[in-house]
Structure formats: C-alpha cells, structure tokens
Amino acid sequence: MGQLSTVDLSDEQRELETDFSSTVIREIPHNENLLSLKYESLDYDNSENQLFMEEERRINHAAFRTVEVTRWVICGMIGILTGLVACFIDIMVEQLVGVKLQVIKSNIDKFTEKGGLSFSLLLWATLNAVIVMFGSLIVAFIEPVAAGSGIPQIKCFLNGVKIPHVVRLKTLVVKVCGVILSVVGGLAVGKEGPMIHSGAVIAAGISQGRSTSLKKDFKVFEYFRRDTEKRDFVSAGAAAGVSAAFGAPVGGVLFSLEEGASFWNQLLTWRIFFASMISTFTLNFVLSFYNRKPGDLSNPGLINFGRFDTDENSYKYFELPIFICMGAVGGMLGALFNALNNWLTMFRIRYLHRRCLQVVEAMLVAAVTGTVSFVMIYWTSDCQPLRESAGEYTLQLFCADGEYNAMASAFFATPESSVRRLFHDPAGSFNPMTLGLFTLLYFFLACWTYGLTVSAGVFIPSLLLGAAWGRLFGILLTNISNESIVSNCRL
C-alpha cells in the first residue's frame, strides 16, 4: 500500500508539474531564454581553509604593501581608461550628429524655397532608421547583454549573480558602438547610463590581467583573480563610469555604495573615490584639448548644464510649496512612465522575442521619432529672434529672416543640447504651446524607446522631460502672476 500510494503521489505530482510547465510555456513561449542555467552565483565568501590560511601567513609586510599599492594602481588605470572611453563616445557623437544635422538642415533649407519638403521628411526618417538599424543589429546578433544601460546587470553582478558575458571585452565594444549609433540615430536616449556598464567592464578586464574575448592571458595581477577582488574593482569601475558621465566623483562613490554593491569596507571607499577622480579628470583634460582650450577644466562630465548665476536663480521661501507640488506631479509622471513601460515590456516579451523583430522595432521607433520631429517643426509657427546662443543647427523654415523655429531647437538637437537651452535661454524663447507639445510627445517617445534592443540610457531623457515641464510650469506661473497684477492695477 505504501508503494502504491507513493507511486500515485509521484504520478499526481508529475502531472501537476506538467500542467504547470505547459501553462508557463503557454504564457511565455520563450522562457528558456529568460531562465538559464548559466546564471550562477558568484563566490564572494573567502574559502578560509588550511591552504588559504597558510598562503596568507606566507605574505610578509612588504608583500602586503605591494598588493595594496597594486590595488591603487589598478584603480588609477580604471579611471584613466574609463575617462578615455567617455571621451571617445562624446567626440564621436558630436562629430556624427553634426554631419547628420548639417545634411538634414541643408536639405530642408533647399526644399523650403523650391517646395517638396516631403523629401526632407523622408531623408530624416531614413537616416534615423538606417543608423539605428546598425546599432540594433550589433546588439541583437553579437552581444544581447549590451542592450539598455547595463545598470541592472552590473547591480546583479555586484550582488553575486553571474550573468554570462556581462563584463566581456566584446560587450564593451558593442556597448560603446551601440550607444553612439543610438544617440546619432535620433532616439530619445542618452549616452550617460551605459558609461556605468562600460566602466565595470574595463575594471573587470584590467583587474584580472586577461581577456576571455581575445583569449589572451597577460600573466599580470594573478593575485586578484578571485570573485571578491573582482567585485571590488567592478564597484570602482561603475563609480568611475558615473563620474565620467556626470562629472561627480562623490556621486560615483555614493552610487556604488548605495545602489550597487552589498559588500563594502572603508579602504574600498578611498580607492573608488580615487578611481572616480582620475576618471573625471582624464575626461576633462582630454576634452580641453579637443575644444582647443588646453587646461580649461570646465567639462567634468559627458553632460554639462553650463554655468548658473546664483544671484539670478535665487528663490524665495514662499516658492517652496510650489516646488513641492512640482515634485509631486513629477513623481506621478514617473509612475505613469513606469506603468506604461512595464506594459510595453510584457508585450515585447510575448510577441517581439525574435531578434529580427527587435531590430525592426528599433528602426520603426527611429523613423517615427524623425517623422514626429519634422511634423512638429513644420506645423509650429513659434518663431524667435536669432541670437548667439541659438545654436549652430537652427532651422528657419517659414520664419522671417533673422528668426528661427523654436520647436526645432528642442527636436533638432541632441538631448544634452536641448537641456542646456532650456536652462539658459532667456525669457520669451519658448512659447507655452511649443513646450507643452514637446513635453507630451517626448514623454511617449521616451517611454516607447526605453527597452529597445539598443545600447542606451534613460537619464538624459528624464532630465529633458523634467526641464521642459519645469520651464513650461514657470512660464504659465509667470503669465498668471502678470495677469493678476494687471487686473489689480485696473481695479
């Protein structure tokens, strides 16, 4: 009876497991791509056995000091290489975007006089789609782990989850090339987020003294070929990436401490801070020569908001409740963004799991982004006087001589340039209707873009949306205040 009952129970359990597995397969037909046996746990606990203890006893004081100095040297190398990679990304994006915008601007100026702006629309959408196609192809077919910003993957690695190929040299190459093509292709993305992943890959490669992608062992730093040591250096690389992206060494340390690693010590703090400082200094120093201003260390990161006059931007205490309300509205918009993107992600998991479909979706988003940008510039009649701060690639379109299209200053530029203009352009540079339409459309474009099979970040689109919405709120508040003052004067 016991054997029979055991057999019955096992059969019943097997049937339940079969039903459950069939249900899961029916819900997500490609679950084998999501749940892989390759996702192992990293060994972050030192195996303190007898051999390990004997090896530690052999290390004298001089050898210990040598190991510690080597750690600092590696952190310095991580900072230098991360800064150089950031310089390469920034320079390539600036050069390629300049070429693309100049081609489109010349075409629009030509067909504005002759007629037939539909050719300009087709050119803009085609350029975006082709450039993004190459960026999506290398991610989808060469190294899928390079998609997105890479921050979630690095968080997993720092907390003990081994994701295949996450810190490989091939991943770094695809990440760098992919983010350049994504930004140049006009997607609503930024190049700052992927710097964290890039810094982590650089740190993992240098600290181990070998490359799996190149199948080359340089026979250096062999003492640090342990998961615990590699984890600490990857933390330094992630911090160096934050520092290079935003010019914030302290911010990089805090990111690794609060958002990244779960393992920390006091000595690690100073080494990571050293790597972050070296990273932002390297970026700043190299860009000073690129901008033909040697020694002008005014570009600490990939994103530069410009200089602010604290006297003109002071605030009053009665404005604090207004800032609180703006923050609350921004939080609700962020929640809406997450909800929409979560639904979109589930849709992609169910129906767009093939690589060719992922590339087609990226091309579609790029073409739609170019089309929306052109249509909004075409139909908007917000013309502003041409100023020195208007930018290099301004579109006149149907505006009078000496004027430019204000909507083009938001769409016809990189997201970083648009953020700077929203911060520093004088009052009256934007019409409320222009900012309102831009904020609404860019919100949905950014939501659709995030999650594509491309290397890209979401930091700068978030900042651009907040800056546009904040400036719109300020314009409306100023208009309401002026109307109330005028009505009081009449009374």
Side-chain angles (χ1 to χ4, degrees), residues 77-100 130-154 157 163 165-187 189-207 211-214 234 236-247 252 275 278-280 282-283 286-287 290 299 301-303 359 362 366 414-416 449 452-460:
M77 295 171 63
I78 291 170
I80 292 173
L81 289 180
T82 303
L84 291 177
V85 169
C87 289
F88 176 76
I89 293 174
D90 191 51
I91 293 171
M92 290 300 297
V93 167
E94 182 178 346
Q95 293 295 326
L96 294 177
V97 167
V99 172
K100 189 192 86 168
V130 171
I131 295 172
V132 172
M133 179 189 69
F134 287 108
S136 182
L137 280 173
I138 60 176
V139 172
F141 290 95
I142 298 179
E143 199 56 83
V145 78
S149 65
I151 297 176
Q153 289 86 341
I154 296 304
F157 183 89
I163 300 177
H165 303 169
V166 71
V167 288
R168 296 283 180 87
L169 178 61
K170 185 171 69 172
T171 304
L172 175 64
V173 174
V174 173
K175 175 72 73 173
V176 171
C177 297
V179 71
I180 292 172
L181 294 172
S182 298
V183 177
V184 175
L187 292 176
V189 297
K191 58 182 182 290
E192 285 72 19
M195 276 307 306
I196 299 171
H197 191 181
S198 301
V201 177
I202 292 171
I206 293 177
S207 63
S211 172
T212 306
S213 299
L214 299 178
V234 169
V242 174
S243 179
F246 300 100
I278 294 295
S279 175
T280 187
T282 302
L283 172 68
V286 175
L287 288 182
Y290 172 73
N299 296 287
L302 293 179
I303 177 66
V359 175
T414 60
E416 291 86 354
T449 304
L452 292 177
T453 310
V454 294
S455 298
V458 76
F459 283 122
I460 296 303

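These values consider heavy atoms only, across backbone and side chains, with no hydrogens, waters or symmetry-generated copies.
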A.B. asks: Look only at the side chain of His197 and the backbone of Ala147, and say whether a donor-acceptor pair between them is shorter than 3.5 Å.
C.D. replies: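 Side chain of His197 to backbone of Ala147: no pair is present.
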A.B. asks: Which atom names give the shortest non-hydrogen contact between Ala140 and Pro144, and what distance separates them?
C.D. replies: O-CG, 3.7 Å
A.B. asks: Can you check whether Met133's main-chain N or O pairs, donor with acceptor, with Ser136's side chain at less than 3.5 Å?
C.D. replies: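 Absent.
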A.B. asks: Is a salt bridge present between Glu143 and Lys175, judged by a nitrogen-to-oxygen distance below 4.0 Å?
C.D. replies: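 So Glu143 does not pair with Lys175 through a salt bridge.
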A.B. asks: Give me the atom names and distance for the closest heavy-atom approach of Ile138 to Gly178.
C.D. replies: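 Minimum heavy-atom contact is CD1-N, 3.8 Å.
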A.B. asks: Restricting to non-hydrogen atoms, name the atom on Thr280 and the atom on Gly247 that form the minimum distance, rounded to 0.1 Å.
C.D. replies: OG1-CA, 3.7 Å
A.B. asks: Hey, does Val189 have a side-chain heavy atom less than 4.5 Å from the side chain of Ile460?
C.D. replies: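 Contact flag for Ile460/Val189 side chains = no.
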A.B. asks: Heavy atoms, side chains only, cut-off 4.5 Å: are Ile151 and Phe459 in contact?
C.D. replies: yes
A.B. asks: Would you say that Leu84 contacts Thr282 through its side chain, given a criterion of any heavy-atom pair below 4.5 Å between the two side chains?
C.D. replies: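 They are in side-chain contact.
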A.B. asks: With a 4.5 Å cut-off on side-chain heavy atoms, are Ile131 and Lys100 touching?
C.D. replies: yes
A.B. asks: With a 4.5 Å limit on heavy-atom distance, are the side chains of Met195 and Thr82 in contact?
C.D. replies: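 Contact flag for Met195/Thr82 side chains = yes.
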A.B. asks: Can you name the closest pair of heavy atoms from Leu187 and Val454 and give their distance?
C.D. replies: CD1-CG2, 4.2 Å
A.B. asks: Is there a donor-acceptor pair under 3.5 Å between the side chain of Ser213 and the backbone N or O of Arg168?
C.D. replies: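 Checked: no pair found.
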A.B. asks: Does Gly252 offer a backbone N or O that forms a donor-acceptor pair with the side chain of Ser243 under 3.5 Å?
C.D. replies: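 Answer holds: no.
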A.B. asks: Among Thr414, Val176, Val184, Val179, find the residue that satisfies the side-chain contact (heavy atoms from CB on, under 4.5 Å) test when tested with Lys191.
C.D. replies: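 Going through Thr414, Val176, Val184, Val179 one by one, the side-chain contact (heavy atoms from CB on, under 4.5 Å) with Lys191 is satisfied by Val179 alone.
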A.B. asks: Can you name the nearest heavy-atom pair linking Ala366 to Val132, along with the distance?
C.D. replies: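 The answer is CB-CG2, 3.5 Å.
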A.B. asks: Verify the neighbour count for atom CZ of Phe88: are there more than 12 heavy atoms of other residues, nucleotides or ligands below 6.0 Å?
C.D. replies: no
A.B. asks: Minimum heavy-atom separation for Val167 and Ala200, please, with both atom names.
C.D. replies: CG1-O, 4.3 Å
